[in-house]
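Reviewing the structure listed below.
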Amino acid sequence: MSEHRGEFDLIRRYFADGYPQCENIRLGNGDDASVIALPADMDLAQSIDTQVADVHFPAKAPAHLIAGRALRCAVSDLAAMGAWPQGFHLALTLPNADEEWLADFAHGLRQTAHELGIGLLGGDTTSGPTTVITIAVQGLLPQNERLIRSGAEAGDDIWLTGNLGAATLALDTVINEPARQTEFTQAYYHPQVHIAFGQLLLTVASACLDISDGLLQDATHIAKQSNVTMHIEAAWIPTAVPMSHCNWCRCLTGGDDYQLLFTAPPEYRSRIEAFATTVGLDQCLRIGSVKGGAAKVELCHNGEPLELATSGYQHF
């Protein structure tokens with residue numbers, strides 16, 4: 001981590017020790033850069049994610065929950081590629097170096113790093129007007145193998161790894177009572193990261209991504225990059241509330257789910273179901289099919305198209 005006034009002491013106290021010691025790290029936290037030994041038969045997958053206080057999480061939320069959520073959200077991108085998590089860098093901007101907050105943040109970060117099996121390689125800390133957490137993750141893939149968004153083909157099934165909507169329905173509680181724990185806030189602060197399942201999908205999936213901005217908006221990424229129509233049956237989508245509920249539309253557009261949305265040829269149905277059982281997935285369901293034609297998403301119910309007011313979270 002780079003040098004600022006008091007930074008080395010902060011690093012030694014909160015970020016130097018207690019993280020997983022992952023393989024392939026030649027030089028980790030404590031120098032100007034980390035050094036990784038890349039196996040000859042592997043490719044390196046990298047991703048970066050930034051979360052800003054009172055934009056992506058409540059500034060007054062418990063620090064250990066913020067830390068765990070930030071790392072889970074970042075590592076989910078590796079899962080969506082089918083990669084094995086190898087290490088991460090942390091850039092932390094803080095209004096002040098509050099000792100109690102930092103201790104709680106570091107505790108949550110270490111605990112989640114062990115749960116996900118990913119080591120801290122280094123990073124940066126600095127002061128600023130608001131809390132900003134940036135995490136860059138990297139993972140390993142078998143050479144020339146990866147899950148991408150552009151491989152869906154007409155005739156493929158569309159799959160989803162679990163329920164949608166709990167995290168977005170938790171927002172009122174998260175904003176107004178950040179420390180309160182409910183079934184829905186559990187989904188917000190502790191999104192499930194499908195690392196093992198993503199690796200299994202390397203052998204069957206034609207396209208894949210994780211849902212961060214809402215099912216319909218993220219499905220559009222696959223539709224456009226694969227130049228196909230993603231036909232989704234509304235009644236097949238597992239959601240936190242039933243279709244008759246006033247918040248059902250929010251479940252499809254609110255985001256923060258981090259479930260995997262993927263496509264695969266129909267001949268792999270039984271293998272995918274077996275994979276889900278192997279990794280202990282509660283749900284892995286077909287929610288539609290891929291068609292030729294315009295690059296778009298079709299949401300239908302009883303043969304009729306459904307039009308929603310919005311497709312998902314907008315960053316700008």
Side-chain angles (χ1 to χ4, degrees), residues 1-2 11 14-52 56 66-93 105-106 108-126 132-151 191-203 205 207-212 218 221 225 258-260 262 279:
M1 292 187 174
S2 305
I11 293 167
Y14 299 110
F15 300 107
D17 300 310
Y19 292 89
Q21 297 300 308
C22 296
E23 298 178 7
N24 308 109
I25 298 177
R26 292 280 177 85
L27 188 64
N29 193 6
D31 278 87
D32 290 316
S34 57
V35 179
I36 307 301
L38 186 62
D41 59 346
M42 304 294 282
D43 289 334
L44 186 68
Q46 297 176 308
S47 181
I48 190 167
D49 187 72
T50 294
Q51 300 200 10
V52 181
H56 302 97
I66 293 172
R69 181 179 186 275
L71 185 55
R72 287 176 177 276
C73 294
V75 174
S76 182
D77 284 336
L78 296 179
M81 295 291 292
W84 163 67
Q86 188 272 330
F88 72 99
H89 290 84
L90 168 70
L92 191 60
T93 299
F105 182 91
L109 192 68
R110 281 193 300 269
Q111 184 178 51
T112 305
H114 279 281
E115 290 175 10
L116 301 178
I118 187 167
L120 178 61
L121 299 173
D124 189 33
T125 60
T126 189
V132 180
I133 305 165
T134 297
I135 295 180
V137 294
Q138 58 190 43
L140 298 177
L141 283 161
Q143 199 167 63
N144 298 319
E145 293 184 30
R146 59 225 173 233
L147 300 175
I148 56 176
R149 300 179 177 186
S150 59
Q192 188 175 3
V193 185
H194 299 289
I195 297 170
F197 191 66
Q199 292 169 9
L200 292 173
L201 287 181
L202 283 170
T203 63
C208 184
L209 52 66
D210 67 334
I211 299 175
S212 58
D218 286 327
H221 296 320
Q225 294 195 33
Y258 298 96
Q259 301 292 350
L260 297 185
F262 64 97
V279 300

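Only heavy atoms go into these numbers, but all of them, side chains included; no hydrogens, no water, no symmetry mates. Computed from a predicted model, the values in this text were never measured in an experiment.
Gln51 and Arg69 share a side-chain donor-acceptor pair at under 3.5 Å.
A pairwise comparison of heavy atoms in Gln199 and Gly82 identifies CG-O, 3.4 Å as the closest pair. Nearest heavy atoms, Pro20 versus Ala113: CG-O, 3.4 Å. The heavy-atom pair separating Leu202 from Met81 by the smallest distance is CD2-O, 3.8 Å. Closest of all the heavy-atom pairs between Ser34 and His89 is OG-NE2, 3.0 Å. Here the closest heavy-atom approach between residue Ala67 and residue Gly108 is recorded as CB-C, 4.2 Å. The shortest non-hydrogen separation linking Leu147 to Gly198 is CD1-O, 3.6 Å.
Separation of atoms CG (Leu78) and OG (Ser47) is listed at 6.5 Å; rounding is to 0.5 Å. Taken to the nearest 0.5 Å, the SG atom of Cys208 stands 6.0 Å off from the CG atom of Leu201. Within the model, atoms CG of Leu44 and CD of Gln143 stand 12.0 Å from one another, a figure rounded to the nearest 0.5 Å. Rounded to the nearest 0.5 angstrom, Phe197 CZ and Phe262 CZ are separated by 4.0 Å. For the atom pair His56 NE2 and Cys73 SG, the distance stands at 9.5 Å (nearest 0.5 Å). To the nearest 0.5 Å, the span separating CD on Gln86 from CD on Gln46 amounts to 9.5 Å.
Within the 4.5 Å cutoff, the side chain of Ile133 has no heavy atoms near those of the Thr93 side chain. Looking at Ile36 and Gln138, their side chains come closer than 4.5 Å, going by heavy atoms from C-beta outward. For the pair Pro85 and Ile195, the minimum side-chain heavy-atom distance is below 4.5 Å. Residues Arg72 and Glu115 are in side-chain contact: their nearest non-hydrogen atoms beyond the backbone lie under 4.5 Å apart. No side-chain heavy atom of Leu121 sits less than 4.5 Å from a side-chain heavy atom of Tyr19. Within the 4.5 Å cutoff, the side chain of Asp43 has heavy atoms near those of the Arg146 side chain. Inter-residue side-chain proximity for Leu92 and Asp124 is flagged as unmet; no heavy-atom pair is nearer than 4.5 Å. By the 4.5 Å heavy-atom criterion applied to side chains, Trp84 and Leu141 are not counted as neighbours.
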Side chain to side chain contact (heavy atoms under 4.5 Å, CB included) assessment of Leu260 paired with Leu209
CA-CA 6 Å; Leu260 297 185; Leu209 52 66; over 6 Å; no
Set out, in order, the CA-CA distance, both residues' side-chain angles and the distance that settles side chain to side chain contact (heavy atoms under 4.5 Å, CB included) for Thr112 and Ile118, then state yes or no.
CA-CA 9 Å; Thr112 305; Ile118 187 167; over 6 Å; no
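Side chain of Asp210 to backbone of Tyr258: no donor-acceptor contact under 3.5 angstrom is found.
With Ile48 as the fixed residue, the side chain to side chain contact (heavy atoms under 4.5 Å, CB included) test singles out one of Ile135, Val137, Thr134: Thr134.
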